[in-house]
Amino acid sequence: NAGVTQTPKFRVLKTGQSMTLLCAQDMNHEYMYWYRQDPGMGLRLIHYSVGEGTTAKGEVPDGYNVSRLKKQNFLLGLESAAPSQTSVYFCASIHLRGPEAFFGQGTRLTVV
Amino acid sequence: DQQVKQNSPSLSVQEGRISILNCDYTNSMFDYFLWYKKYPAEGPTFLISISSIKDKNEDGRFTVFLNKSAKHLSLHIVPSQPGDSAVYFCAATLLYSGGGADGLTFGKGTHLIIQP
């Protein structure tokens with residue numbers, strides 16, 4: 001049972017480049033989330049989805065876009081990367097009955 | 001405005017002793033609280049939780065206490081072991097009011113160091 005899988009694990013981008021982070025879960029969870037973790041800041045919610053085809057903004061959505069075309073996948077996009085987006089990104093999913101969130105292993109992104 | 005606060009960035013405890021991690025919250029609507037443990041280069045993993053209708057929940061060496069009037073919860077680890085060294089995040093959600101889909105609100109974390 002893979003749980004929540006994030007791709008890639010590491011990435012270095014130049015300022016202005018774009019990229020997409022992929023999150024896949026095999027637990028048939030309805031809810032999916034993207035968080036970022038920065039030193040001294042804890043985990044902050046970027047965007048989330050309560051079902052296929054739906055997305056919503058979290059606490060820090062600026063500079064990111066998301067899509068949930070399939071129930072098991074949640075994509076996080078950076079259209080024009082900035083150094084301030086250097087962070088560790090975590091995807092999580094929650095079953096409809098909640099509330100325990102299952103996390104992926106994280107993606108370490110560096111924007112230079 | 002930070003709704004979930006962990007005011008101790010780090011805590012050092014001797015092996016075998018009790019570790020007490022604290023968490024405060026400001027949103028009185030929160031009705032479910034969770035603790036997550038995180039090792040370096042790994043995602044957070046669920047440790048223990050408590051509903052707002054309870055004031056204590058135990059799971060082996062881990063006990064979470066909730067004081068609703070003070071908007072405070074704490075995680076007790078007894079006895080502390082070297083493998084407990086990690087960052088611990090407190091999280092809260094509005095489970096029973098139907099807001100659980102909005103996700104968990106996390107504190108900034110406390111780095112627990114267990115010394116031999």
Side-chain angles (χ1 to χ4, degrees), chain A residues 2-10 21 23-25 27 29-52 54-61 66 68 74 88-108, chain B residues 1-10 21 23-25 27 29-54 57 59 64 86-111:
Chain A
V4 180
T5 302
Q6 292 181 230
T7 310
K9 292 184 174 58
F10 304 94
L21 282 67
C23 176
Q25 53 97 1
M27 297 173 285
H29 286 174
E30 287 292 332
Y31 309 147
M32 295 187 74
Y33 307 83
W34 277 106
Y35 288 90
R36 61 179 286 175
Q37 185 194 9
D38 302 293
M41 298 297 291
L43 290 154
R44 293 183 294 169
L45 183 63
I46 304 171
H47 285 280
Y48 65 100
S49 168
V50 299
E52 184 178 321
T54 71
T55 62
K57 293 180 180 180
E59 180 187 354
V60 288
V66 289
R68 183 114 179 258
F74 194 29
V88 181
Y89 293 86
F90 289 101
C91 176
S93 69
I94 296 178
H95 189 275
L96 189 62
R97 292 194 301 273
E100 179 187 337
F102 293 82
F103 283 83
Q105 77 276 28
T107 296
R108 182 174 293 276
Chain B
D1 181 34
Q2 199 178 357
Q3 298 188 72
V4 178
K5 301 177 183 180
Q6 293 177 258
N7 292 319
S8 298
S10 66
L21 292 87
C23 177
D24 298 292
Y25 61 97
N27 187 345
M29 298 295 290
F30 286 140
D31 53 25
Y32 202 87
F33 305 88
L34 307 90
W35 284 94
Y36 278 80
K37 179 178 182 179
K38 185 184 179 305
Y39 292 119
E42 294 184 10
T45 55
F46 171 74
L47 189 58
I48 192 169
S49 63
I50 188 167
S51 161
S52 59
I53 61 173
K54 294 184 176 182
N57 187 29
D59 184 1
V64 56
V87 176
Y88 290 79
F89 290 100
C90 172
T93 187
L94 291 80
L95 177 64
Y96 301 111
S97 61
D102 295 349
L104 303 175
T105 300
F106 286 87
K108 293 184 177 181
T110 296
H111 185 194

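Note: hydrogens, waters and symmetry copies are ignored here, and every other heavy atom, side chains too, is used. Naming convention: chains lettered A, B, ... in sequence-line order (proteins, then strands); numbering from 1 in each chain.
- When only modelled atom types and interatomic distance are considered, B:H111 and B:S10 share no side-chain donor-acceptor pair under 3.5 Å.
- The backbone N or O of A:F10 sits nowhere less than 3.5 Å from a side-chain atom of A:T107 that would complete a donor-acceptor pair.
- Of the listed residues (A:E100, A:Q37, A:Q105), the one with the most heavy-atom contacts under 4.5 Å to chain B is A:E100.
- In summary, the side chains of B:S49 and B:Y32 do present a donor paired with an acceptor at a separation below 3.5 Å, with no hydrogens or angles considered.
- Taking the six-membered ring where the residue is Trp, A:H29 and A:F102 present tilted rings, their angle falling between 30° and 60°.
- Both the backbone and the side chain of A:L43 come within less than 4.5 Å of a heavy atom in chain B.
- If you measure heavy-atom distances from B:P9 to chain A, you find no contacts under 4.5 Å at all.
- Contacts between B:A91 and chain A at a heavy-atom distance below 4.5 Å are absent for every atom of the residue.
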